[in-house]
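By convention in this document, chain letters (A, B, ...) are assigned in the order of the sequence lines, proteins followed by strands, and residues within each chain are numbered from 1.
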Number of protein chains: 2
Amino acid sequence: MPAERKGGVTISQVAEAAGVARSSVSRAYTKPHMLSPETVDHIKAVAKRLGYVPNHTARALSTGRNGNIALIVPDVANPFFPPLIRAAQAEAERSDLCVFLGNSEEDAEKEDKLLGRLSSQVEGVVLASPRLSDERILAHASRKPMVLINRNVEGIPRVLIDSGTGVAEATRHLAELGHKRIVYVSGPSASWSNKQRRAAARKTATALGLELSVISASVPSFEAGLQAVPSILSRKATAAIAFDDVMAQGILAGLAARGVSVPADFSVVGCDDALGALMVPVLTTVSGQSAEAGKVSVSLLMQLLQSDALGDACYMLETHLIARSTTSAAP
Amino acid sequence: MPAERKGGVTISQVAEAAGVARSSVSRAYTKPHMLSPETVDHIKAVAKRLGYVPNHTARALSTGRNGNIALIVPDVANPFFPPLIRAAQAEAERSDLCVFLGNSEEDAEKEDKLLGRLSSQVEGVVLASPRLSDERILAHASRKPMVLINRNVEGIPRVLIDSGTGVAEATRHLAELGHKRIVYVSGPSASWSNKQRRAAARKTATALGLELSVISASVPSFEAGLQAVPSILSRKATAAIAFDDVMAQGILAGLAARGVSVPADFSVVGCDDALGALMVPVLTTVSGQSAEAGKVSVSLLMQLLQSDALGDACYMLETHLIARSTTSAAP
DNA sequence: CTATTATGTGCAACCGGTTGCATGTCAACG
DNA sequence: CGTTGACATGCAACCGGTTGCACATAATAG
C-alpha cells in the first residue's frame, strides 16, 4: 500500500525518465563524485521536474542508518530541560539528525518503556537525568550507543554538571551572611544531581559549623516546594537551598503566603538558573549549564556513532553561585 | 552494513530455527489469527530465545506506515507548550505512535525547514501555533496529513482555543473594577491567537467605553514583557492584558522594579493559565486548555490517517477568566 | 464416498533505495 | 600501436520485512 498521499516518485521513475540506471540516480544524491558532473546535473534536473524526494525509510533499510537520535528527559515542563532540548536539537541538526523527544514523567518504569520503544528507531540515545537503575541503563546501553546526562555510570559516556561546587559556594555564601541553621530541600532521590547537591551542602555546612537539615520531596515541582514550607519553618531555619529553581519558586510562594518576607526574614537559594531572572525578587541560584550539557551530549553521541568505542568519556561542567536578591544577612 | 550493534536477529533466522517460512514468522506478529495457535506459540518462543526484535524500518518500508508523527511547536521553553506536548505524546502512545518534536523558535522559515525534514519520516503532522503563511501551510498539508492548533486555515483540520471569550471576560472584569484606560500587550503578529485576543479586547473595550491601546512585541517572552513596561506606564493605563502568562510575568517584574505595586496600583491579566498558580501574587489569567488541545489534535490526526478525508473539521475549545490576585479596583 | 469449502503454510514478488562487481570507453603510457 | 588504467555507468543482489496467491490438507456438505 504505497499510497504516500501524493507524488510517490521513486528512484526508478527518475531513472527511466532520465534514461539512466537506478543506481546512477541513487549515486547522484549520495556519491555525486562517482558520476560525471553532467550526468548529475541531468539527473537532478529530471528528479526536480518529477518532484522526486528520496525516501528516508528505504535508505535507512539498506544503509542501516536512519539519521535519528532519541533524547529522553524526565519532564519537558521543568524549565531546566527546554534549553537542553533546544541545544541538543541544534547540535543534532548540524549533523543532519532528527531527534525524538521522550518524556519519562520522572518515572523509572516509563523511562524503561520509552527506551524500548524508541531505541528501535534511532541510532543512539541521550538519556538526561535518568531515574533508572544502573543495571537497566547498562542493559540498554549495550544495545544502543548511549550518552548520559547527570548520571555517573562508569563505562557509559556521560556529561555531568558539577553542581557540587556551586552548592558549596552557596552554603558558604549563607554562612558569610550569618545564617546558622539552614535547610536543604531535596529533589528526586534517584537523581544523581540531587545526591551530589545534598552531599555538597552537608559537607560544607559541617565544615563551617552550620546546622543543616534535609527535607525530602520526590518530584521537583512548584507544588513540592510549596508544601515543604511548613516543615522548613518548623525547623527554625533562616535559609533554604532548594534542589532546583522550580522548588525554590514554590518555597518563595509558600513563604509569601505565610507573610515571611524574602530576603529580609528568610533567604532562599535555587539551583540550575532556570528561572532565576524570570521572577521578582530575582533568585539567588547556582548556574545551570543545561544548554551546554545538551550540546555536548549530542556531540559526544555523534563521536560514539562514528568511532564506536569512545571509552569511558566523562565530561564535567562547572557551576558557580549567582548571588541575586533572595539572600541577605540572617535576621 | 547491517551492524545493528548487537543481535541483528532477522526474520529469516527465526524462520530457519523454527522450521517455518519467513512469511509465517511475519504473520505470527502481524496477523496471528491466520496461523494456528500452536505455530504462533512455537514461533514466538523461538524468536524470544533468539532475541528477535522486529525491525521497524523494514516494516515501514513495505507497509508504508512508520508509526511516527511530528509535533511542531514554536518554543518548547514557553510553558504553554509542555502540557500540550505531554498530552499529545500520551494520546499518540495509545495508538502506538512515536512523536518527533520540532522546535521552530518562533521563526517561520525554520518552521518550513522543519516540516520539510520531518515530513519524510512521519505519517502526519501536528502543527501548533504555526507562524507560516497560509500558502506554505496548505502546500505542506497537501503532501502530508496535518492538523493545526491555533491557526484557522480552511480545509485543514484544526483545533482552536477560543481565547476570545476569555479575553472579553477579562476586559469586562477590568471595566467592572473601574479601570478606564487599559493596554493590550500584543504577541507575535503572525499568531492567530494574538489576533483573536487583540480583537476581543478591542471589541469589548469599545463596547464598554474603555480606552484601549495596543503595544506590540514580536516574541512572547519574559524579556518582551519587561521591556513593554515603560511604554505601558507612559500611556497612563491602570491595567494591562498580556498576550500570555509569560509576558504578564515580565510585566509584573518590570512594574515591581519601578515600584508600582500590583494589584493596588496596577492590574495585570495573563493568558493561557500556564504559570498562573506558579507565582506570587498568583496571576489573574484566561484559562488555557493547552493539554486538551494536544490531546484532541493527535486524535484528530489519527482519524485523518485512517479515514483519509475528514473534511473541514474545526474543533473549538472554550476559555474563561480565572480571577486571582493581580487584579483589583482601579486606583 | 466424492465434491466443496475452510484453514494453515509456503513461494516469490515487492517496498525504494544502496553497493560490490563487471563492463565498456577513452586517454596516457611504454 | 598494443596495454594499462582511470573513469563512468549498468547489473543485480541485498537490507528485513509484508502480502497476494497457490497449494496441500482437513473439515464439512451433499
Given [options], the nucleotide with the shortest approach to the side chain of [X]:
X       : options                : value
A:Thr10 : C:dG17, D:dT18, D:dG17 : C:dG17
B:Ser62 : C:dT19, D:dC15, D:dG17 : D:dG17
A:Lys31 : D:dG17, C:dT18, C:dT19 : C:dT19
A:Tyr52 : D:dT18, C:dT19, C:dG17 : C:dG17
A:Ala58 : D:dT18, C:dT18, C:dG16 : C:dG16

[X] has an atom [atom1]; how far is it from atom [atom2] of [N], in whole Å?
X        : N      : atom1 : atom2 : answer
B:Leu61  : C:dT18 : CG    : P     : 12 Å
B:Asn66  : D:dG17 : CG    : P     : 16 Å
B:Ile11  : D:dG17 : CD1   : P     : 5 Å
A:His56  : C:dT18 : NE2   : C1'   : 14 Å
B:Gln121 : C:dG16 : CD    : P     : 17 Å
A:Glu16  : D:dC11 : CD    : P     : 13 Å
B:Glu123 : C:dC15 : CD    : C1'   : 15 Å

What pairs meet the ring pair (Phe, Tyr, Trp, His ring centres under 6.0 Å) rule with one or both residues in [range], with sequence neighbours excluded?
range                       : result
residues 42-68 of chain B   : B:Tyr29-B:Tyr52
residues 121-156 of chain B : none
residues 89-128 of chain B  : A:Phe100-B:Phe100

Enumerate all atom pairs, one protein N or O and one N or O from nucleotides 7-11 of chain C, separated by less than 3.5 Å.
from	atom 1	to	atom 2	distance (Å)
C:dT9	OP1	B:Ser36	OG	3.1
C:dT9	OP1	B:Thr39	OG1	2.3
C:dT9	OP2	B:Ser36	N	3.0
C:dT9	OP2	B:Thr39	OG1	3.2
C:dG10	OP2	B:Ala21	N	2.9
C:dG10	OP2	B:Ser24	OG	2.7
C:dG10	N7	B:Arg27	NH2	3.1
C:dG10	O6	B:Arg27	NH2	2.9
C:dC11	N4	B:Ser23	OG	3.2

Practice item. Applying side-chain contact (heavy atoms from CB on, under 4.5 Å) between A:Leu115 and each of A:Arg143, A:Lys144, A:Met146, report the one that passes. Key: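 Of A:Arg143, A:Lys144, A:Met146, side-chain contact (heavy atoms from CB on, under 4.5 Å) with A:Leu115 is met by A:Met146 alone.
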Review point. Which of these passes side-chain contact (heavy atoms from CB on, under 4.5 Å) with B:Ile149: B:Val126, B:Leu127, B:Leu300, B:Leu317?
Key: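 Going through the options one by one, the only one that passes is B:Val126.
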Which part of the nucleic acid, if any, lies within contact of [X], taking any heavy atom under 4.0 Å across all strands shown: a base, the sugar-phosphate backbone alone, or nothing?
X       : answer
A:Thr57 : nothing
A:Ser12 : nothing
A:Val53 : sugar-phosphate
B:Tyr29 : nothing

**Study point:** Validation row: A:Ile85, A:Gln89 side chains within 4.5 angstrom (heavy atoms)
**Key:**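 They are in contact (side-chain heavy atoms under 4.5 Å apart), so the answer is yes.
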Exercise for review: Measure the shortest side-chain to side-chain distance between A:Ile156 and A:Val153 over non-hydrogen atoms and say whether it is less than 4.5 angstrom.
Suggested key: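 Side-chain contact under 4.5 Å: yes.
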Check your understanding: According to the side chain to side chain donor-acceptor pair (under 3.5 Å) rule, which pairs have a member within residues 125-139 of chain B, sequence neighbours left out?
Key ->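 Qualifying pairs: B:Glu106-B:Arg131, B:Asp112-B:Arg136, B:Ser133-B:Glu135, B:Asp134-B:Arg151.
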Point to revise | Relative orientation of the end axes in the helix from C:dC1-D:dG30 to C:dG30-D:dC1, expressed as an angle to the nearest 10° (five pairs per end) | key: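 Taking five pairs per end, the axes differ by 40°.
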Review point. Is any NZ, NE, NH1 or NH2 atom of the basic residue among B:Arg94 and B:Glu91 found under 4.0 Å from an Asp or Glu carboxylate oxygen of the other?
Key: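 Salt bridge present between B:Arg94 and B:Glu91.
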Check your understanding: Would you say the side-chain atoms of A:Asn66 pair up with the backbone N or O of A:Ala60, donor to acceptor, closer than 3.5 Å?
Key ->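 No, the answer is negative, given that no donor and acceptor are paired below the 3.5 Å cut-off.
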